[in-house]
Amino acid sequence: MRQTRRQFLRAVGVTGGAGALYGAMGALGLAPVAADTPTFVPPRPGDLGGRPARSVVILGAGMAGLTAAYELRKGGYDVTVLEARRRPGGRNWTVRGGDTETDLKGERQTAGFSRGEYLNAGAARIPQHHVTLDYCRELGVPIEVFAGTNADGYLYQVGDHDLSGVPVRHRAARADVYGYVSELLSKATDQGALDAYLTGEDREALLAFLRLFGDLGPKVDGDPAASFRYTGTGRRGYEIPPGAGTQEGTPLPPHPLSDVLASRIGYYFSLELRWEQAMMMYQPVGGMDRIAHALADAVGNQHVHYGTEIRAVRNTTDGVEVDHTGRDGRMRTLTADFAICTLPPGIAARLSGNLPTEVRDALRTPEVLDVGKLGVEYSRRWWELDHRIYGGITSTNTDLLNVWYPSHGFHGPRGTLLGYYNEGPYAADYGELRHPQRLSRALDRLTDIHGESAARDVASAFSVHWTDIRHSEGAWVMWSSREGAYERLLEPAGRVYFAGDYLSHANAWQHGAMVSARSVVEALHARVASS
């Protein structure tokens, strides 16, 4: 087998070059493969054999539209991007001081953030296996760590249990959950409850692991109840921290098992185990929209037209026509060989033109998710000074759902906290409020968790209810099934292609938009090259 592999790889290398060789090695398990990042070869001008460049109109300058334009430009395509907003990025939106937004209800906000402070209203973090980081490297966008999991962040639950309204540090919650679960499993294992599933060697190995994993006490011969006890350790934190001389520290006592189970604080740990949520994560220095602006600059400002609302898209006998209105309100028609529609599917379904009925129905199929965010700038970084929290997330079952502490500007004079990041009914409830009311309600909830410091030293705030954001009308979409409608949109409607994170298995991530766009670029380029 070893000789066969060697001969195979030598042949691949001769015929396909280094790239093909490396890919083949990965398929055989002989070289690392970048997981979740599909292989992509951008088009090159020479691929078309000297034929004139084809024209492509791209509807929307979000991350899918900009990625498609950027990659098509590498192949010499004549690209025009039409974008209704006055900025690139779509849901990649960083709000800075002086920015204004009027929502679909007609309420206008002007951000008052200080210099260097901002709110990533949409995309806000990048997993390290996402292709988004590859574009940051390629485009020269500097990145920094996004602190997601923080042992000193809180879990805050309300309900019918004794931990209701008690802020519990992540480290304490994890120690208690792991400790009690390990104790129970150790007792069951030691008393033979799992003998049908474990060999004697497995049994001893499992007990050794559980004692370490849960930080348990020893086995007490003749006293099963006293064996493998979890009694709380320094993993939880300290009433009196370890210090100099004889100050060895006094660990915090654990919460009772029944309270830990009733509060469900352990439910939050599974989030960190999800493929897309695992640390480390990253963010661009200075705001997430640095990526969008870098892509737009690489495409060329002359190719991206802002303030342009798309009204209709039509297939013709030899191309496409796109009706649009510019800043002057006049209707114009742009013709091209192909179109790539990267608008939110619900908005795309409303375009006039001659898209087939089944395509429009498919665009209406996914469910739009309601999401809200609130950025609160403080003139004092109280989360660091009063709680010693440097980055990370506090999770709660109140209507805030998530509170994010900033991952930059540590020890600075001020900082911007994500006061809530909620979804579903909670986002809808906040969305019914005017912006000052959203802030007031959120500050009350933040005070419940952190104390009065959360209500003081507020310098500015900006809230976003994505359902009311013009040209988005929602945060992202969810599919109840990826059969039928989803599959239909993976194919072009005549010369109109569709791309976006909703046409990937990475919904709500920039990565999903980018790999969807790259897939469309490959399909369109192959069609042109073979015509």
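Just so you know, these numbers use all the heavy atoms, side chains as well, and skip hydrogens, waters and symmetry mates.
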Sequence neighbours left out, what passes side-chain contact (heavy atoms from CB on, under 4.5 Å) with [X]? Give chain and number order.
{"X": "Arg360", "result": "Leu355, Arg364"}
{"X": "Ala513", "result": "Met63, Ala64, Asp501"}
{"X": "Arg350", "result": "Ile347, Glu473"}

Got a donor-acceptor contact below 3.5 angstrom from the [X] side chain to the [Y] backbone?
{"X": "Asn92", "Y": "Met288", "result": "yes"}
{"X": "Asp399", "Y": "Tyr426", "result": "no"}
{"X": "Glu117", "Y": "Thr416", "result": "yes"}
{"X": "Asp337", "Y": "Val56", "result": "no"}
{"X": "Thr94", "Y": "Asp289", "result": "yes"}
{"X": "Ser530", "Y": "Ala526", "result": "yes"}
{"X": "Asp468", "Y": "His465", "result": "no"}
{"X": "Ser504", "Y": "Gly500", "result": "no"}
{"X": "Asn120", "Y": "Gly122", "result": "no"}

Measuring only between side-chain heavy atoms, which start at C-beta, is [X] closer than 4.5 Å to [Y]?
{"X": "Phe113", "Y": "Arg96", "value": "no"}
{"X": "Val320", "Y": "Arg314", "value": "no"}
{"X": "Leu418", "Y": "Val403", "value": "no"}
{"X": "Val285", "Y": "Ile143", "value": "no"}
{"X": "Trp476", "Y": "Arg91", "value": "yes"}
{"X": "Met514", "Y": "Tyr135", "value": "yes"}
{"X": "Tyr421", "Y": "Leu401", "value": "no"}
{"X": "His293", "Y": "Val141", "value": "no"}

How long is the straight-line distance from [atom2] of [Y] back to [atom1] of [X], given to the nearest 0.5 Å?
{"X": "Ser516", "Y": "Leu490", "atom1": "OG", "atom2": "CG", "answer": "7.5 Å"}
{"X": "Thr342", "Y": "Phe498", "atom1": "OG1", "atom2": "CZ", "answer": "11.0 Å"}
{"X": "Glu107", "Y": "Asp103", "atom1": "CD", "atom2": "CG", "answer": "6.0 Å"}
{"X": "Ile58", "Y": "Leu82", "atom1": "CD1", "atom2": "CG", "answer": "9.5 Å"}
{"X": "Leu295", "Y": "Glu71", "atom1": "CG", "atom2": "CD", "answer": "8.5 Å"}
{"X": "Arg470", "Y": "Thr102", "atom1": "CZ", "atom2": "OG1", "answer": "7.0 Å"}

Do the charged groups of [X] and [Y] touch, with an N to O distance under 4.0 Å?
{"X": "Arg87", "Y": "Asp99", "answer": "no"}
{"X": "Arg54", "Y": "Asp78", "answer": "no"}
{"X": "Lys373", "Y": "Glu423", "answer": "no"}
{"X": "Arg274", "Y": "Glu276", "answer": "yes"}
{"X": "Lys74", "Y": "Glu138", "answer": "yes"}

Quick one: list whatever passes side-chain hydrogen bond (donor to acceptor under 3.5 Å, both in side chains) with [X], sequence neighbours left out.
{"X": "Glu522", "result": "none"}
{"X": "Thr396", "result": "Thr398"}
{"X": "Asp328", "result": "Arg332"}

To check you understand the geometry: which heavy-atom pair defines the closest contact between [X] and [Y], and what is its length?
{"X": "Arg125", "Y": "Ile393", "value": "NH1-CD1, 4.1 Å"}
{"X": "Arg73", "Y": "Val299", "value": "NE-O, 3.3 Å"}
{"X": "Ala475", "Y": "Trp466", "value": "N-CB, 3.8 Å"}
{"X": "Ala292", "Y": "Gly89", "value": "CB-CA, 3.6 Å"}
{"X": "Trp479", "Y": "Ala362", "value": "CH2-O, 4.0 Å"}

Scan for side chain to side chain donor-acceptor pair (under 3.5 Å) pairs involving residues 487-498, sequence neighbours excluded, and state none if there are none.
Tyr497-Arg527
Donor-acceptor side-chain pairing of [X] and [Y] below 3.5 angstrom:
{"X": "Arg290", "Y": "Gln283", "answer": "no"}
{"X": "Ser463", "Y": "His435", "answer": "yes"}
{"X": "Gln510", "Y": "Thr132", "answer": "no"}

If you look only at distance, which donor and acceptor atoms sit under 3.5 Å apart when one is on a side chain in residues 404-415 and the other is two or more places apart or in another chain?
from, atom 1, to, atom 2, distance (Å)
Tyr405, OH, Thr394, OG1, 2.6
Tyr405, OH, His450, NE2, 2.7
Ser407, OG, Ala147, N, 2.9
His411, NE2, Tyr390, OH, 2.8
Arg414, NH1, Ser114, OG, 3.1
Arg414, NH1, Glu377, OE2, 2.8

Taking only residues at least two apart or on different chains, which pairs with a member in residues 303-337 satisfy ring pair (Phe, Tyr, Trp, His ring centres under 6.0 Å)?
none
Does the structure place the NZ or CZ of Arg482 under 6.0 Å from the centre of the six-membered ring of Tyr486, at an angle of no more than 45° from the ring's axis?
yes
Ring pair (Phe, Tyr, Trp, His ring centres under 6.0 Å) involving [X] - partner list, sequence neighbours excluded:
{"X": "Tyr267", "value": "none"}
{"X": "Tyr77", "value": "His525"}
{"X": "Tyr430", "value": "Tyr420"}

Under the side chain to side chain contact (heavy atoms under 4.5 Å, CB included) criterion, do Leu446 and Leu417 qualify, and how do the steps go?
CA-CA 11 Å; Leu446 289 169; Leu417 183 100; 4.1 Å; yes
Flag yes if more than 12 heavy atoms outside Glu483 fall under 6.0 Å of its CD atom; otherwise flag no.
no
Check against side chain to side chain donor-acceptor pair (under 3.5 Å), Glu309 and Thr325
CA-CA 5 Å; Glu309 295 198 36; Thr325 55; 5.4 Å; no
Side chain to side chain donor-acceptor pair (under 3.5 Å), that's the test. Do Arg85 and Ser472 meet it? Break it down for me.
CA-CA 10 Å; Arg85 296 176 173 89; Ser472 291; 2.3 Å; yes
